[in-house]
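Values below: all heavy atoms of this structure, side chains included; hydrogens, waters and symmetry mates excluded.
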Amino acid sequence: MADLATTVEVPPAGGSLLDRKMKKSSAWVSGAVVGIALLGGLGYIGFHVQQDLSNVVVASVWPYVLLGVALLIALGFEFVNGFHDTANAVATVIYTHSLDPNIAVVWSGLCNLAGVLVSSGAVAFSVITLLPVELILQVSYGAGFAMVFALLIAAIIWNLSTWWFGLPASSSHTMVGSIIGVGVANQLMSVHSGTSGVDWGQATKVFQVLLISPIIGFCAAGLLLLVSKLFILTKWAKSFAHLFDANHRKPLWLIPTVAVTGIPGAYIFLWVAPMVFGLFGTPGMAVWQPIKYFTSWNPPMGLIATMVLVGIAGWYLVAVFARIVIENADVLFTSPKGTTPPPWPIRALLIFTCSGVSFAHGSNDGQKGMGLIMLILIGTVPTAYALNHAVTAKDVQAFVASSQAADEVINKHADQSAVMGADARATVTQYIASKQLQPDTMLALRELVNDLSNEVALYKEYKAVPANQQTNVRNDMYVASEAIRLMLKSKNPQFTTDESAALTKYEGQVNKATKFIPGWVKVAVALALGLGTMVGWKRIVVTVGEKIGKEHLTYAQGACAELVAMGTIMAADNFGLPVSTTHVLNSGVAGTMAANKSGLQFSTIRNIAAAWVFTLPVAALLSGSLFWLFRQLSL
């Protein structure tokens, strides 16, 4: 660590370009925006928490004290995450003079806030599935609280340590390491039941994403820079730009451009939009429909309209692109001169990419804290948060109906001669841990589904379930949903298409009741993430802007790195996978430096790589040790 302190030390006051820019920057506008957002957010949180807890009978003050401490630690993690990870997004707009530092940081914080608010929650519950099943089901007891406290405190300690040295380490990587540490420690301390350790299958999946994403960032950003040069700097590109600019309004140019951009653009839109934004259905499923329509020679008007609209947008963008090539081609690939902002098209591009990365970071990284906060809420005040009380009576009826359909499917694949154990939940939990079907697994799952259906039908609303039964109902639902998910994924048993659809529908109805995130939790995480971005961003920004490449970041390099980071994070978010903003963006910057032959500062690259290597074992060791300590204190 001593080596890290010397090689990555932040320059003294006035020694970096950022320090000189900060001296000219006024912060009162950004401070006012922060104050308004903070007051509004706290008011919203207080109002909704009061509503949620209004019907909870207070038997002891202790759960609320525990809740307050746990929430403070969880939001502290998101606060540190904000100035540790999101700082990467603002480095390019600050170092290209596209935005004033204070304005850039506040704007990035607001985009993070927006990303958190619209997030789906898929990443939050994906992270939770890494945790030992045993601890998830015991979240209301000492072991569950020890788990949450240990992994959050360990993640905060490591994030603060790497931030202190100005190292862009990954909060996602840190969180995964902390979870593994807790899982391993719990398995060593417990009877080896199979449910006490880490879900290594899910952990491997997450690791693959965390490992591949920096490689994608490096290669894709470098390739995008080279392609940009090909279409902007070459003589033929400039000649075509002049020709198109002079003739693009003529029908002989307009119609072919609309067709050339509209037809493939419609296909790309219908496939990429669901994959990246999750707005129009299941990723990739929309792509076959236009092909089917074309092969039947009966394309619908909706598809034609999409092609025309996308084509017109494509024609306009090509025209704008031509003007940019004519007026700013050479400027785009140069470093900023003095403190003069870039021409407006370049400035708009860089602000857009900064906004996109910040938004994507909020929608992905913000969810990690949400999942843990939900575990805290379920453990401390299960009466209010174990089940989703916002679910309507109509949804409850749909749950009962889907339960009956799921029961029929499960019964077809159950071994009727098998003898089921005394505890159905324990039998199904064992299947989740081992991934191996036993003769009585389907019988136990059928009993769980039936019992849940009868209970929910009896009470008619989730909020009507007695307070002492809320946690049990939730745990049964969680176990049944996870078992069905694993069966569908492994295709064992072999379900027909209709049977799979019935089980998927049942799983979705269960998730409505258990996998939910209240609006005030999103606002709290968004505020913590945004405030963190605005407070401690400077150290990481200096590293990204001044210490990765040997030359100053060009406008094109900044834009390429952030475009790739934005797309990668949004795609991962849609698939419910945690990904590292830090790794993707920093590797993207390094990739553009390599592609541009600008040279890399290998001392910084070495230290970032060292932080990447040590993050997992150090976080795991910290969290495992803290978990052991907290378990001893809770006995």
Which residues satisfy the salt bridge (Lys or Arg N to Asp or Glu O under 4.0 Å) test with Arg446, sequence neighbours excluded? none

Nearest 0.5 angstrom please: Leu387 CG to Ile378 CD1, how far? 9.0 Å

Residues Thr441 and Gln436: closest non-hydrogen pair is OG1-O, 4.5 Å

Begin with the C-alpha distance, continue with both residues' side-chain angles, and end with the deciding distance and a verdict on ring pair (Phe, Tyr, Trp, His ring centres under 6.0 Å) for Tyr506 and Phe399. CA-CA 7 Å; Tyr506 175 77; Phe399 170 78; 5.7 Å; yes

Which atom pair, heavy atoms only, marks the closest approach of Val116 to Gly362? CG2-O, 3.3 Å

Between OG on residue Ser403 and CD on residue Glu408, distance to nearest 0.5 Å: 11.5 Å

Does Met477 offer a backbone N or O that forms a donor-acceptor pair with the side chain of Ser481 under 3.5 Å? no

Does a side-chain heavy-atom distance below 4.5 Å link Leu529 with Phe79? no

How long is the gap from CD1 on Ile45 to CG on Leu71, to the nearest 0.5 Å? 10.0 Å

Answer whether the closest heavy-atom distance between the side chains of Glu507 and Lys512 falls below 4.5 Å. no

Can you see whether Glu499 engages His413 through a side-chain donor-acceptor pair at a distance of less than 3.5 angstrom? yes

Considering all heavy atoms, the nearest Ile376-Ala74 contact: CD1-CB, 4.0 Å

Please name all residues satisfying side-chain contact (heavy atoms from CB on, under 4.5 Å) with Ala154, sequence neighbours left out, ordered by chain then number. Ser178, Leu622, Ser623, Leu626

Using a 4.5 Å cut-off on heavy atoms from C-beta on, say whether the side chain of Phe627 contacts that of Met147. yes

Spacing of Arg485 atom CZ and Ile432 atom CD1 [to the nearest 0.5 Å]: 8.5 Å

Is the side chain of Gln51 donor-acceptor paired with the backbone N or O of Phe47 at a distance under 3.5 Å, no angle test? no

side-chain contact (heavy atoms from CB on, under 4.5 Å) evaluation trace for Val182 with Val148: CA-CA 9 Å; Val182 167; Val148 173; over 6 Å; no

Taking atom types as modelled, find out whether Asp415 and Ser417 have a side-chain donor-acceptor pair closer than 3.5 angstrom. yes

For Glu78 and Met370, the nearest pair of non-hydrogen atoms, with its separation, is OE2-N, 4.5 Å

Check the pair Thr471 / Asn475 against side-chain contact (heavy atoms from CB on, under 4.5 Å), numbers first and verdict last. CA-CA 6 Å; Thr471 301; Asn475 285 346; 3.8 Å; yes

Is there side-chain contact between Met442 and Met487, with heavy atoms separated by less than 4.5 Å? yes

Between Asn112 and His361, is any pair of side-chain heavy atoms under 4.5 Å apart? yes

Could you tell me if the side chain of Glu447 sits less than 4.5 Å from the side chain of Val428, heavy atoms only? no

I'd like a table of donor-acceptor pairs (distance under 3.5 Å, sequence neighbours excluded) in which one partner is a side-chain atom from residues 515-526, with atom names and distances.
| unit_1 | atom_1 | unit_2 | atom_2 | d |
| --- | --- | --- | --- | --- |
| Trp520 | NE1 | Asp52 | OD2 | 3.1 |
| Trp520 | NE1 | Tyr385 | OH | 3.4 |
| Lys522 | NZ | Ser119 | O | 2.8 |

Would the distance check show the side chain of Asp423 and the main-chain N or O of Ala426 forming a donor-acceptor pair, the cut-off being under 3.5 Å? yes

Any donor-acceptor pair under 3.5 Å from Gln470 side chain to Ala464 backbone: no

Would you indicate whether the side-chain heavy atoms of Glu455 and Val465 approach each other to under 4.5 Å? no

Pairing residues for Gln397 by the side-chain contact (heavy atoms from CB on, under 4.5 Å) criterion, not counting sequence neighbours: none

Worked verdict on Asp440 versus Val419 for side-chain contact (heavy atoms from CB on, under 4.5 Å): CA-CA 6 Å; Asp440 60 343; Val419 178; over 6 Å; no

Salt bridge (Lys or Arg N to Asp or Glu O under 4.0 Å) partners of Asp451, counting only residues at least two apart: none

Do Leu445 and Ile484 touch side chain to side chain, with heavy atoms closer than 4.5 Å? yes

Please, which pairs that meet ring pair (Phe, Tyr, Trp, His ring centres under 6.0 Å) have at least one residue in residues 442-481, sequence neighbours excluded? none

Minimum heavy-atom separation for Ala444 to Met420, with atom names? CA-SD, 3.4 Å

Under 3.5 Å, is there a donor on one side chain and an acceptor on the other for Asn450 and Ser453? no

For Leu488, does its backbone N or O pair with a side-chain atom of Lys491 as donor and acceptor, under 3.5 Å? no

Between atom CZ of Phe77 and atom CG of Leu160, what is the distance when rounded to the nearest 0.5 Å? 11.0 Å

What's the shortest heavy-atom distance between Thr174 and Ala619, and which atoms? O-CB, 3.6 Å

side-chain contact (heavy atoms from CB on, under 4.5 Å) between Ile153 and Ile156, worked out: CA-CA 5 Å; Ile153 293 173; Ile156 291 172; 5.5 Å; no

Between Thr514 and Asn388, is any side-chain donor less than 3.5 angstrom from a side-chain acceptor? no

